[in-house]
Amino acid sequence: MAHYQLLHDWAVSPAEAIALQQQLRSQIRIEPLAEPPKTIAGCDISFNKFEETVYAGIVVLRLDTLETIEETGVISTAPFPYIPGLLSFREIPSLLQAWARLKTEPDVVMFDGHGTAHPRRIGIASHAGLFLNRPTFGCGKSVLVGKYNDPAPERGSWSPMTHYGDVIGAALRTKNKVNPVYVSPGHLIDLETAISLTLNCDGGYRIPEPTRRAHNLVNALRKGERPDLSV
DNA sequence: GCGACAG
DNA sequence: ATCTTGTCGC
């Protein structure tokens, strides 16, 4: 029921993918949220080693209680290889299928990866945001590009990530004395809000609840433990 | 030219 | 991303 706009075909070569990113980047808008969000979705993908099958899933939760209110999952085939900087061409196609199965439209979407913290400022969160026409941001576990000073060890502290003079995201401590996660806006949201939402989704783990639950979901799907999904 | 390189 | 048990530190 949730819809999206297919802004371009996904069957492209790496060179065409880069050209598309250059063309799409001008449409990305980094700005404050238009409406106070009530729900947030977490997206993730899982694979079996050396296999092409993709297990994609989305978990939607309430921002006030962090209660899961909906889950969707789909099984498909990877249409593109993993190439640093072109992750969206490998993961978004299947995530759109999972998105289409949602009955509720999430107010904001969190991705396992980056938004503007990308060499061309259009990581998976930004790219998907254009298709979904909805606020999106990335929360990655490692850096693709950018430098930063280590944030203080307390949960909630953060420091800006910069790349060629631009502030592209933040290294955010989500748990005391634990490695930071890397937050960056995707589309229709700003960095401060993305950081705030990430801290709001605390479940006591380094990884925020939306993507953590999505990760658990797709792994269960891959292991055949969720026959109720992707049917 | 040599490394680095989201998931 | 995935393959995997124990183990070091607070």
Side-chain angles (χ1 to χ4, degrees), chain A residues 10 14-15 17-18 20-21 24-25 28 42-59 73-96 98 109-129 136-148 152-155 161-164 166 168-187 191 194 198 204-208 210-225:
Chain A
W10 290 107
I18 291 174
L20 275 171
Q21 291 181 325
L24 292 170
R25 61 180 299 181
I28 295 167
C43 305
D44 199 19
I45 296 289
S46 180
F47 293 89
N48 267 320
K49 201 173 184 177
F50 307 132
E51 288 183 12
E52 302 293 287
T53 304
V54 183
Y55 302 85
I58 298 177
V59 176
V74 296
I75 300 176
S76 57
T77 302
F80 201 88
Y82 169 67
I83 298 174
L86 300 180
L87 178 67
S88 59
F89 290 86
R90 179 171 176 75
E91 302 200 345
I92 290 182
S94 56
L95 285 174
L96 289 176
V109 190
M110 177 189 289
F111 287 82
D112 190 356
H114 304 293
T116 54
H118 178 280
R120 289 171 291 283
R121 310 291 182 262
I122 179 167
I124 185 170
S126 301
H127 199 157
T136 58
F137 68 97
C139 183
K141 301 179 292 299
S142 61
V143 174
L144 209 209
V145 295
K147 298 180 182 304
Y148 66 93
E154 297 76 34
R155 164 181 159 77
M161 294 171 70
T162 59
H163 184 60
Y164 284 97
D166 296 335
I168 58 174
L172 172 68
R173 202 80 70 180
T174 50
K175 198 175 180 343
N176 292 167
K177 303 174 194 174
V178 167
N179 285 160
V181 292
Y182 305 91
V183 177
S184 60
H187 183 50
L191 176 60
T198 299
Y205 299 90
R206 176 191 179 220
I207 305 303
T211 47
R212 197 180 75 84
R213 288 184 200 172
H215 189 76
N216 290 337
L217 174 70
V218 295
N219 277 327
L221 180 62
R222 178 167 60 84
K223 295 172 184 172
E225 299 168 355

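Chain letters run A, B, ... following the sequence lines, proteins first, then strands; residues in each count from 1.
In this structure, A:Leu86 reaches the bases: a heavy-atom distance under 4.0 Å links it to at least one base atom across the strands shown. Residue A:Val143 is classed as a sugar-phosphate contact, given heavy-atom separations below 4.0 Å to backbone atoms only. Contact annotation for A:Ile45: no contact, since no heavy-atom pair falls under 4.0 Å across all strands. Here A:Gly138 lies out of heavy-atom contact (under 4.0 Å) with every strand. A:Gly123 comes within contact range of at least one nucleobase, with a heavy-atom separation under 4.0 Å.
The closest side-chain donor-acceptor pair between A:Arg213 and A:Asn216, if any, does not fall under 3.5 angstrom. No hydrogens or angles considered: a donor-acceptor pair under 3.5 Å links the side chains of A:Asn219 and A:Ser46.
Distance alone, capped at 3.5 Å, places no donor-acceptor pair between the A:Thr77 side chain and the A:Glu52 backbone.
Residue A:Thr174 is tested with A:Val183, A:Thr198, A:Asn179 for a side-chain contact (heavy atoms from CB on, under 4.5 Å); the sole match is A:Thr198.
In this structure, A:Ser142 does not reach the B:dC5 phosphate: none of its side-chain N or O atoms is under 4.0 Å from OP1 or OP2. Contact annotation: A:Asn219 side-chain N/O to C:dT2 OP1/OP2 distance is under 4.0 Å. OP1 and OP2 of C:dG9 both lie 4.0 Å or more from every side-chain N or O belonging to A:Lys177.
Here B:dG7 is the nucleotide among B:dG7, C:dC10, C:dC3 with the atom lying nearest to any side-chain atom of A:Arg90. Among the nucleotides B:dA6, B:dG7, C:dT2, the one closest to any side-chain atom of A:Ile124 is B:dA6. Taking the side chain of A:Arg222 as heavy atoms from C-beta on, and the options B:dA6, B:dG7, C:dT2, the nearest nucleotide is C:dT2.
The aromatic ring of A:Tyr82 stacks onto the base of B:dG7, its centre lying under 5.5 Å from the centre of the six-membered base ring with the two planes under 30° apart.
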**OP:** Check the pair A:Phe111 / A:Thr211 against side-chain contact (heavy atoms from CB on, under 4.5 Å), numbers first and verdict last.
**Re:** CA-CA 7 Å; A:Phe111 287 82; A:Thr211 47; 5.9 Å; no
Original post:
When Watson-Crick pairs (N1 to N3 and N6-O4 or O6-N4) and G-U wobble pairs (N1-O2 and O6-N3) count only below 3.5 Å on both distances, what is the dot-bracket string of DNA chain B, with | for other-strand pairs?
Top reply: .......
